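Here is the structure we will look at, set down as structure tokens.
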Amino acid sequence: MHGARSSAALERSGRKRSTSSCLRSAGAATVADLENWYHGSGPYLARHGILVGSDEYQSLISACAARKKSLIEGGQPQFGATS
């Protein structure tokens, strides 16, 4: 039984590292960038066991929500604006 607990702890540790590297990759400059990154991240998340309902997934969602709020409140850059 001890081995199963150790294995589960290692797996959680790996998911946390994957979540951290995933979040660093999400340094989006615009809300559209953030949304595109999020929608394209499904295969990466699944491959690393970051599934809907997990603590790691919730951490990711919270970080994305905070980044989106920051972008909106900070007047995100308007690339290609014609004004």
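These values consider heavy atoms only, across backbone and side chains, with no hydrogens, waters or symmetry-generated copies. The structure displayed is predicted, hence computed values, not measured ones.
Listed for the Ser54 side chain is no donor-acceptor partner under 3.5 Å among the backbone atoms of Ile50. The backbone N or O of Tyr44 sits nowhere less than 3.5 Å from a side-chain atom of Ser41 that would complete a donor-acceptor pair.
At a threshold of 4.5 Å between non-hydrogen side-chain atoms, the residues Leu45 and Leu51 do not count as touching. Residues Glu56 and Ser59 are not in side-chain contact: their nearest non-hydrogen atoms beyond the backbone lie 4.5 Å or more apart.
Considering OH of Tyr38 and CD1 of Ile61, their distance stands at 4.0 Å, rounded to 0.5 Å. Here the straight-line distance linking atom NZ of Lys68 with atom CD1 of Ile72 works out to 5.5 Å at 0.5 Å rounding.
The two residues Leu60 and Trp37 make their nearest non-hydrogen contact at CD1-CH2, 3.6 Å.
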